[in-house]
There are 2 protein chains.
Amino acid sequence: MPAYHHPAPETFELSAVLRALADPARLDIVRHLERVGEANCATLIGTRPKSSMSHHFQVLRESGILHTRIEGVQHRNSLRRDELNTRFPGLLSAILQAS
Amino acid sequence: MPAYHHPAPETFELSAVLRALADPARLDIVRHLERVGEANCATLIGTRPKSSMSHHFQVLRESGILHTRIEGVQHRNSLRRDELNTRFPGLLSAILQAS
DNA sequence: TGCATTGTTCGAGTTTTATCGAACAATATG
DNA sequence: CATATTGTTCGATAAAACTCGAACAATGCA
């Protein structure tokens, strides 16, 4: 399992970030990561199948919203808070703050 | 031409707002309104046909992002800054601030 | 080695969204 | 009233995105 590619903050695209966060399932993922800091996919799967979740994590990763660290068989995800805040100041916190 | 329906701030949905702003054409509209304050559809039409623009304005209106005032034959659009800021503090300015 | 766990990838089906021309409605103006 | 202006609505097409099962890959452990 090769390591993932994570885009550099300079290449984050606002449209991609907004599109990624516009999906309720992905917004749930982001909110959960905000609370727990780091989580693997399995702990975040609710009723959805693995393949759907894997897709959502991919969208979040490729837009720059989260980072995936591989540890053994688990893929641990966490928000790229600092990098997002550097590129789009205040955006993530404004979105997380919204009820 | 009946007046438009503009949703109340309490009913704004974050997903809908993000989805509306995730489209580059609509983000351009929002940025333009930010600059000029108020504009009708015609002045915002670039290369796209009227029907496409009308659709984008509808999406922006129904998500709560802009208000459309009818004056004669023109439909004047402006951002609902205060209402958006009340419902989602800091969100619009964070998005407008992003390059 | 055999098996369970974790997650990706593939492919197909469904839904949503965007695009745009044509026809229409409403207002203004000559 | 005739015509131009502004923008919506309709309908069809195309593109994008979501969903999910099945097969696969990689690790960990007995």
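The chains referred to below are lettered A, B, ... by the order of the sequence lines, with proteins before strands, and numbering in each begins at 1.
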*Is the gap between the ring centers of F57(A) and H75(A) under 6.0 Å?*
no

*Take the C1' atoms of the five end pairs on each side of the helix from dT1(C)-dA30(D) to dG30(C)-dC1(D), derive the two axes, and give their angle rounded to 10 degrees.*
20°

*Where is the tightest heavy-atom contact between V17(A) and S63(A), given as atom of each residue plus distance?*
CG2-O, 3.6 Å

_Where protein sits on nucleotides 9-16 of chain C, one letter per nucleotide: B base, S sugar-phosphate only, - none, heavy atoms under 4.0 Å_ = B-------

*OP1 or OP2 of dA26(C) sitting under 4.0 Å from any side-chain N/O of H75(B)?*
no

*Does R69(A) make a side-chain N or O approach to OP1 or OP2 of dG7(C) shorter than 4.0 Å?*
no

*Just how far, in rounded Å, is P of dG7(C) from CG of L60(A)?*
15 Å

*From the list dT19(C), dT6(C), dA26(C), which nucleotide is the closest neighbour of the side chain of R48(B)?*
dT19(C)

_Flag, side chain of T86(B) to backbone of D82(B), donor-acceptor distance under 3.5 Å_ = yes

*asked:* From C-beta outward on P49(A), which listed nucleotide comes closest to its side chain: dG21(D), dC18(D), dG7(D)?
replied: dG21(D)

*Round to a whole Å and report the spacing from CD1 of I29(B) to C1' of dA18(C).*
13 Å

_I65(B) CD1 to I95(B) CD1 distance, which is reported to the nearest 0.5 Å_ = 7.5 Å

*asked:* Is it the case that over 12 heavy atoms from other parts of the model lie below 6.0 angstrom from the CD atom of E34(A)?
replied: yes

*asked:* Could you tell me how far apart Q74(B) (CD) and dT29(C) (C1') are, to the nearest whole angstrom?
replied: 14 Å

_Which atom of A20(A) lies closest to which atom of L60(A), heavy atoms considered_ = CB-CD2, 4.2 Å

*To the nearest Å, give me how far apart CD1 (I70(B)) and C1' (dA28(C)) are.*
15 Å

_Between C1' of dT17(C) and CG of D23(A), the distance in whole Å_ = 14 Å

_Quick check: closest heavy atoms across L18(B) and L21(A), and the distance to 0.1 Å?_
CD1-O, 3.5 Å

*Where the side chain of H56(B) is concerned, which of dT6(D), dC18(D), dA18(C) is the nearest nucleotide?*
dA18(C)

*Using modelled atom types only, decide if a donor and an acceptor are shared between the side chain of R87(B) and the backbone of F12(B) within a distance under 3.5 Å.*
yes

_Can you identify which nucleotide, out of dT6(C), dT27(C), dG7(C), has its nearest atom closest to the V73(B) side chain?_
dT27(C)

*Send over the distance from E71(B) CD to dG7(D) P, rounded to a whole Å.*
12 Å

*asked:* At less than 4.0 Å, is any side-chain N or O atom of R76(B) found next to OP1 or OP2 of dT6(D)? Yes or no.
replied: no

*Does the side chain of R80(A) come under 3.5 Å of the side chain of H67(A) through a donor N or O and an acceptor N or O?*
no

*Rounded to the Å, how far apart are E62(B) CD and dT8(D) P?*
11 Å

_Whole angstroms only, please: what is the CG-P distance between N77(B) and dT6(D)?_
14 Å

*N-O pairing of E83(A) and R81(A) below 4.0 Å*: no

